[in-house]
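Take a look at the structure set out below.
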There are 2 protein chains.
Amino acid sequence: MIGRPRGFDADEALHAAMLVFWRQGYEGASLADLTGAMGITKTSMYAAFGNKEQLFRKALARYDEGPASYALRAVEKPTAREVATAFLTGSVHTTTQPGGPAGCLGVQGSLAAGDAGEPAREILAEWRTNGRQLLETRFRRAVDEGDLPPGTDARRLALFVMTVAFGIAVQAASGVSRTDLQEIADTALHHWPV
Amino acid sequence: MIGRPRGFDADEALHAAMLVFWRQGYEGASLADLTGAMGITKTSMYAAFGNKEQLFRKALARYDEGPASYALRAVEKPTAREVATAFLTGSVHTTTQPGGPAGCLGVQGSLAAGDAGEPAREILAEWRTNGRQLLETRFRRAVDEGDLPPGTDARRLALFVMTVAFGIAVQAASGVSRTDLQEIADTALHHWPV
DNA sequence: CGACTTACGTACCGATCGGTACCGAATATC
DNA sequence: GATATTCGGTACCGATCGGTACGTAAGTCG
């Protein structure tokens, strides 16, 4: 690499930005908030990440690799029941981790927004749909493998689990405790598969 | 009333403001957006409603009386099962009403926010807790009346139903159809009470 | 018709928004 | 050491943010 080397760790800066978006949402996170937490100036941020929207995209990707990685691990479980259990337990843990922002970046990052927040809203709506697709595909496989009863509606099952996960995220953002949320998750899957 | 009469209907204006907050969230709704939809100038808005935060409070009260009034009607049903069914069906209808904003004002009005949106965030966190309390009290009564089995955890039941309702709100905001959401609601209550 | 009271419209306030021009500082190559 | 290349900091951009001062219009009272 030629030229002056950057004086900060881009990975750490991105992590800090992710936390700010997570805690304050896309519209609620100003460039001053972001760069302040990242420990860099606006100029450095624009040079390294493009603009606010692209920074958000990268922060979301980082969220997938870190806090939301429980989703990919969940669908690797051997049975549909274990998949659903791991998925909801993972969402409970991530949305209530001590010291971190309460709730889920994919939900509270941008749910309703004005014109300025429209890009983030669309990005996250797609993110949520992808999550459902992930579960639906996995449950369809479970039906094919005989793990779930023939005729089981994989899409409906996936929608249900995702809905509970999103509800958990909202509750976590409202301050509901990890213990309560785990009870909710257990309740939702008590009569699995339904 | 002495002096010049106001040239607009305060009720209609408040309704229009509620729709803007609902569609764009507290932070995403600028005064220009609000007053534009209300058909009045900023001065008239401040004279009639105080400021942005108080306008939001009044819009939320209006939401309770209108779109969210299904909640109070639901808890008047004779049995806990009917209460839960009416509550979730009502939430599905309100969050997917044609021509209106998708989702729930109480959820997407402000879930994560920066400093400017902090008041709205707290107002809505309390609003959500009140909803749970409403159901919990009703379910406790159902236990006392013998409608629900003795030893039933009313709080846990209320948390579960609220969580599904919030999840439905998030899904609606993401564009999931009314038909799909009604299926989710049916799935959640299929093994009632649990 | 005045006098009084209230609402409306304009023009403006300081602060902050996301984003950029510009220049000096730091490093690799020659 | 000179040069090329990149990064960092300051100072600034027009636009918009929530909120207000002030003059004028539109009514009710005497």
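Computed over heavy atoms, backbone and side chain alike; hydrogens, waters and symmetry mates excluded. Computed from a prediction, not measured in an experiment: that's the story for all the values here. Letters A, B, ... mirror the listed sequences (proteins, then strands); counts begin at 1.
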| Given that B:G3 and A:A47 both sit by DNA chain D, which one's nearest nucleotide is further toward the 5' end? | A:A47
| request: Take B:I2 and A:I2, find for each the nucleotide of DNA chain D with the closest heavy atom, and name the residue whose nucleotide sits nearer the 5' end. | output: A:I2
Go through the side-chain N and O atoms of [X] and [Y] and say whether any donor and acceptor fall under 3.5 Å apart.
{"X": "B:E82", "Y": "B:T79", "value": "yes"}
{"X": "B:S174", "Y": "A:R128", "value": "yes"}
{"X": "A:S44", "Y": "A:T41", "value": "yes"}
{"X": "B:R73", "Y": "B:S69", "value": "yes"}

| If only side-chain N and O atoms of B:S44 are considered, is one of them under 4.0 Å from the OP1 or OP2 phosphate oxygen of C:dC8? | yes
| field | Closest to side chain of A:T41, choosing from D:dG9, C:dT10, C:dG18 | value | D:dG9
| task | When you get a sec, tell me which of C:dC8, C:dG19, D:dG27 is the closest nucleotide to the side chain of B:R4? | result | C:dC8
| Flag, side chain of A:Q108 to backbone of A:A102, donor-acceptor distance under 3.5 Å | yes
Please give, in whole Å, the distance from [N] [atom2] to [X] [atom1]?
{"X": "B:K42", "N": "D:dT20", "atom1": "NZ", "atom2": "P", "value": "11 Å"}
{"X": "B:Y46", "N": "D:dC17", "atom1": "OH", "atom2": "P", "value": "11 Å"}
{"X": "A:L31", "N": "D:dG14", "atom1": "CG", "atom2": "P", "value": "19 Å"}
{"X": "B:D115", "N": "D:dG18", "atom1": "CG", "atom2": "P", "value": "15 Å"}
{"X": "A:E27", "N": "C:dG18", "atom1": "CD", "atom2": "P", "value": "10 Å"}
{"X": "A:M45", "N": "D:dG9", "atom1": "CE", "atom2": "C1'", "value": "15 Å"}
{"X": "B:I40", "N": "C:dC8", "atom1": "CD1", "atom2": "P", "value": "8 Å"}
{"X": "A:F49", "N": "D:dC7", "atom1": "CZ", "atom2": "P", "value": "12 Å"}

| field | Residues from residues 51-59 of chain A lying under 4.0 Å of DNA chain C - heavy atoms | value | A:N51, A:K52
| Tell me, which pairs form a side-chain hydrogen bond (donor to acceptor under 3.5 Å, both in side chains) where one or both residues lie in residues 12-30 of chain A, sequence neighbours left out? | A:S30-A:D33
| query | When all nucleic acid strands are considered with a 4.0 Å heavy-atom cut-off, which category describes B:A10: base, sugar-phosphate, or nothing? | reply | nothing
| task | Mark yes or no for a side-chain to base donor-acceptor pair under 3.5 Å between B:R6 and C:dA7, with no hydrogen or angle criteria applied. | result | no
| message | Ignoring hydrogens and geometry beyond distance, is the side chain of A:T43 in donor-acceptor contact with the base of D:dG8 at under 3.5 Å? | response | no
| query | For the residue pair B:Y63 and B:W127, does the interplanar ring angle fall in the parallel (under 30°), tilted (30 to 60°) or perpendicular (over 60°) class? | reply | tilted
